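Notes follow the structure.
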Amino acid sequence: MAFKVRYLREDAIERDANDLLGEYGLARGVSITAPIPVEHLLEFHLGLSLDFDNLHDRLGIPLTGDEPDVLGALWVDSREVFVDQSLDPEDRPWLEGRYRYTLGHEVGHWQLHRDQLGVSAGQGSLFSREPAPTIVCRKSQAKERIEWQADHFASALLMPRTLVMAAWRDRFGDAKPRIVRRRRHPLQGTSGDTPDLDRLLARFNQNQDDARLEQFARPLADDFEVSAVAMRIRLEQLSLLHRQVPRQGRLIAS
Amino acid sequence: MMTIETKRTFGATVRRERERRQLGLRQFAKMVGVSPTYQSKIERDELPAPAEDKVVRMAELLDLDRDELLALANRVASDVTAIIKRRPRELASFLRTVNGLSPSEFARVTEQAKKIRE
């Protein structure tokens, strides 16, 4: 379901996430360090209740494919956040990063969107006794503006610019960007003779590059308790990590 | 020792008391020794209350009366059941007699029983 939410600049979202961390630190009398205590912030600073369930069953949304598509849902009126139980971080510790990202994402909806959404505007639930959620977050709808904004918020909340920069300096001794080179030559396409194959090869090369960058991002991801994918995206966004030499500026190959 | 004032369900009581003490769902589940998903479903009363040892552990962590919490969980402490089973006739008769007494009358009966033991 695509709610029309107003356009927000990336730096505005970044500022909102930082403000929230600032408030939290002030209220708790703590200084904010990695990993960001997103669970505590959600439950006790924002006063949202946290629950786990099989969200496809709960919301009556048929499961297509092997993996759940619905990972989180927010009920604004009753201040409830549900996370799909496939992300239970004690049952599946290797998904800790994705679990925390989902919490950050729901906090993002709460902070950015709750005032823009009508009361229980969510799609109908099969269990009509229960009010439908205000927002249902589906992986397949990650490109919608509302979802993109919440993702960006999660990224900024869990990996605040200043903390990431500091961690980067600690690790490398400077704040200069790094390039991660390809391990081997990319597979060559067929110069347009077989477009499907070319697309497949392009995607393969892209995945290979992503994997290299994620390997590089992993130690920082561990510090912030986020997935290597999330950290790779954040480092690229902060222009700390590059996959090719930019036209200008000095870079150090790693 | 806190007593449970509002008569509510097991799950709602645990959730309310847990939140009052600012214990997170996951943190509390870990202290009890269950998964956050299980704890979440119990607190929503979507699953029956857990085994006695878990209920007792929750009561300890939340500083609630264990017998009251067990009653909310539709259970009687196993030591109490064992006592009744050892002296079924006397205890059943005693319980039927005291059933319906007010809290202050109960206190007097207990006081008397203590004196007899001494």
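Below, chains carry the letters A, B, ... as their sequence lines are ordered, and counting in each starts from 1. What you see is a predicted model, and the numbers here were worked out from it, not measured in a lab.
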- Message: Quick check on B:E19 against chain A: is it the side chain, the backbone, both or neither that has a heavy atom closer than 4.5 Å?
- Response: both
- Message: Heavy-atom count check: over 12 atoms from other residues, nucleotides or ligands less than 6.0 Å from A:R218 CZ?
- Response: no
- Got more than 12 heavy atoms from elsewhere within 6.0 Å of NZ, A:K139? yes
- Check whether any side-chain heavy atom of A:S49 sits under 4.5 Å from a side-chain heavy atom of B:R15, and report yes or no. yes
- Message: Quick check on B:L47 against chain A: is it the side chain, the backbone, both or neither that has a heavy atom closer than 4.5 Å?
- Response: neither
- What part of A:Q85 gets closer than 4.5 Å to chain B, counting heavy atoms only: side chain, backbone, both or neither? both
- Nearest 0.5 Å please: distance from the CD atom of B:Q27 over to the CD atom of A:E39. 9.0 Å
- Max heavy-atom pairs within cutoff under 4.5 Å with chain B, candidates A:D53, A:L42, A:D88, A:V83, goes to A:D88
- Look up atom CG in A:L50 and atom CG in B:L25, then write down how far apart they are to the nearest 0.5 Å. 5.5 Å
- Ionic contact status for B:R44 with A:E80, cut-off 4.0 Å: no
- Task: May I have the step-by-step check of side chain to side chain contact (heavy atoms under 4.5 Å, CB included) for B:Q39 and A:E90, ending in yes or no?
- Result: CA-CA 12 Å; B:Q39 183 69 27; A:E90 300 292 335; over 6 Å; no
- Query: Which region of A:D91, side chain (C-beta onward) or backbone (N, CA, C, O), has a non-hydrogen atom less than 4.5 Å from a non-hydrogen atom of chain B, or is it both or neither?
  - Reply: side chain
- Query: Would you find more than 12 non-hydrogen atoms of other residues, nucleotides or ligands less than 6.0 Å from B:F106 atom CZ?
  - Reply: yes
- Item | Enclosure of B:R87 CZ (heavy-atom neighbours >12, cutoff 6.0 Å) | no
- Does CZ belonging to A:R28 count more than 12 external heavy atoms closer than 6.0 Å? yes
- Task: Taking only Lys NZ, Arg NE, NH1 and NH2, and the carboxylate oxygens of Asp or Glu, determine whether A:E43 and B:R26 approach each other closer than 4.0 Å.
- Result: no
